[in-house]
Amino acid sequence: MLAVRKTKPAKGMELVRVDTPQPKPGEVLIKVLAVSLCGTDNGVYQWKAPFSTGRLEPPVTTGHEVCGQVVQVGAEVTKLAVGAVVSAESHIHCRLQSAERAERPCHMCRTGNEHICEHVQFFSVDVDGFLAEYAVAHEDILWPVLDKSMPWEIAALQESLGNSVYTVAESDVAGKDVAVFGLGPTGLNAVAVAKHMKARSVLAVAGSPEHIALAKKMGATHIVDRHKVDPVEELQRLTGGNGVDVSLEMSGNANALKQALQATKPTGRVTILGLYANAVELDWSKLIVLKDLTVRGIYGRRIWDTWKLTASLLKDGLNVEPVITHRFNGISDFETGFKLMTEGKCGKCVFFPHR
């Protein structure tokens, strides 16, 4: 079968032919129907830290946002059958890593927080991912796609969309003015989710023409072009001088975090999904304590609570289709996808390995 793999510790990936994997006990073999690229995949492609500094050891197949169909089941599989359409949770908790860890799971897993397992592993980093024609995964890390009308590409986006759903759902946005900083696909999805969850207004802070256009399609009430206006001043103006009730920091940019804290009104909330490459220095007293702000960090998705909510929102009419800007038949054009991501010229790039 064909697979896109990180084959050596350097920039780039390769399209290679490898043996089709066989499912071990508890695992299933899936035919990959659709897979979308993520910023993590691009970080691995570019060979940036932490992957280049010991976090990843090639070779490994990339891609962790997937929709696939079960074509073979291994021994001891009881929850899935051949023909089932599934998506995958990318955070592999310790109960699924080894018999020893399954017998003695970490504190986080024992207390229902598998998404931040102390020994968490990831598809496309620690184990082979899904940008391939076929892949294997344990049945307990797969999410059945019960809505037969859901397009494959939307089913594949559920993992990424779950980040946005978890961020917004924990931010109490209904009836409030919400600012979104960072309009990559996760931020763009947060715009749509906040609007769907009845935010009074969704103010998207953007920079590139592509992201501005996409933010409008995703339902942003106002666009704040950070190249034309000071984002903090503009957000203050748009909220009658009060500041926003909620800021969602999705970018991982230190300056955006500071702006989010500045733009949020006293007693407001700042929820952070972005990951920062370096330590961020803040005036905690001025920006947080004296404003009585609530600051919340978000990582991944709650397993399986966020997945249930995401599926419910999609069934209820949440539309994230505009975030998909590029579709590719087969996986041979993976270089194009990574180039578009690096240049910021796309939303989501989705590949259909068997088309």
Side-chain angles (χ1 to χ4, degrees), residues 33-41 63-67 85-90 130 143 145-171 173-174 178-199 201-206 208 210-221 223 248 250-251 271 273-274 298 300-302 304-328 337 340-341 344-352:
L33 303 176
V35 59
S36 56
L37 294 181
C38 168
T40 298
D41 302 323
H64 56 266
E65 301 174 4
V66 66
C67 172
V85 177
V86 296
S87 185
E89 167 58 49
S90 63
F130 299 100
W143 174 258
V145 180
L146 301 179
D147 182 356
K148 303 303 182 184
S149 67
M150 184 180 293
W152 295 344
E153 55 266 46
I154 299 299
L157 287 190
Q158 288 179 104
E159 191 268 1
S160 173
L161 176 57
N163 289 322
S164 308
V165 169
Y166 188 20
T167 302
V168 176
E170 292 296 312
S171 302
V173 301
V178 179
V180 181
F181 291 80
L183 292 186
T186 308
L188 289 166
N189 282 336
V191 169
V193 174
K195 189 73 175 294
H196 192 80
M197 287 188 164
K198 310 301 183 185
S201 66
V202 182
L203 305 100
V205 181
S208 74
E210 290 82 5
H211 290 165
I212 289 172
L214 285 171
K216 293 177 181 177
K217 292 180 180 179
M218 298 299 279
T221 310
I223 305 295
L248 309 178
M250 315 293 283
S251 73
T271 307
L273 183 77
I298 295 289
R301 301 141 301 279
R302 295 197 65 84
W304 292 99
D305 292 346
T306 304
W307 286 82
K308 293 176 182 176
L309 177 56
T310 300
S312 176
L313 292 172
L314 288 169
K315 187 175 182 179
D316 188 48
L318 171 65
N319 179 22
V320 294
E321 193 277 335
V323 81
I324 302 172
T325 56
H326 294 78
R327 292 170 169 83
F328 298 89
L340 288 165
M341 291 181 68
K345 300 293 186 181
C346 64
K348 274 291 187 184
C349 295
V350 180
F351 293 80
F352 301 89

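Computed over heavy atoms, backbone and side chain alike; hydrogens, waters and symmetry mates excluded.
Among residue pairs with one or both ends in residues 146-155, those qualifying as side chain to side chain donor-acceptor pair (under 3.5 Å) are D147-S149, E153-R327; sequence neighbours excluded.
Of all the heavy atoms in A220 and V191, the pair that sits closest is N-CG1, 3.5 Å.
At distances below 3.5 Å, at least one donor-acceptor pair connects side-chain atoms of T167 with backbone N or O atoms of N163. At distances below 3.5 Å, not a single donor-acceptor pair connects side-chain atoms of S87 with backbone N or O atoms of C67.
Separation of atoms CD (E159) and CD (E65) is listed at 5.0 Å; rounding is to 0.5 Å. Once rounded to the nearest 0.5 Å, the distance linking OG1 of T271 with CD1 of I298 reads 6.0 Å.
Side-chain contact check for R301 and S90: at least one donor-acceptor pair (N or O, by modelled atom type) lies under 3.5 Å. H196 and N319 share no donor-acceptor pair across their side chains, judged by distance under 3.5 Å alone. Donor-acceptor pairing under 3.5 Å is recorded for the side chains of E89 and W307.
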Residue pair V193, M197: steps toward the side-chain contact (heavy atoms from CB on, under 4.5 Å) verdict: CA-CA 6 Å; V193 174; M197 287 188 164; 4.0 Å; yes

Determine, stepwise, if the pair M341 / D41 fulfils side-chain contact (heavy atoms from CB on, under 4.5 Å). CA-CA 10 Å; M341 291 181 68; D41 302 323; 5.8 Å; no

Given L273 and L248, is the side-chain contact (heavy atoms from CB on, under 4.5 Å) satisfied, shown in steps? CA-CA 8 Å; L273 183 77; L248 309 178; over 6 Å; no

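Residues C38 and K348 have side chains in contact (heavy-atom distance under 4.5 Å, counting atoms from C-beta outward). In this structure the side chain of V323 reaches within 4.5 angstrom of the side chain of L157, judged on heavy atoms. Proximity of L203 to V180: side-chain heavy atoms (C-beta onward) are nowhere separated by under 4.5 Å.
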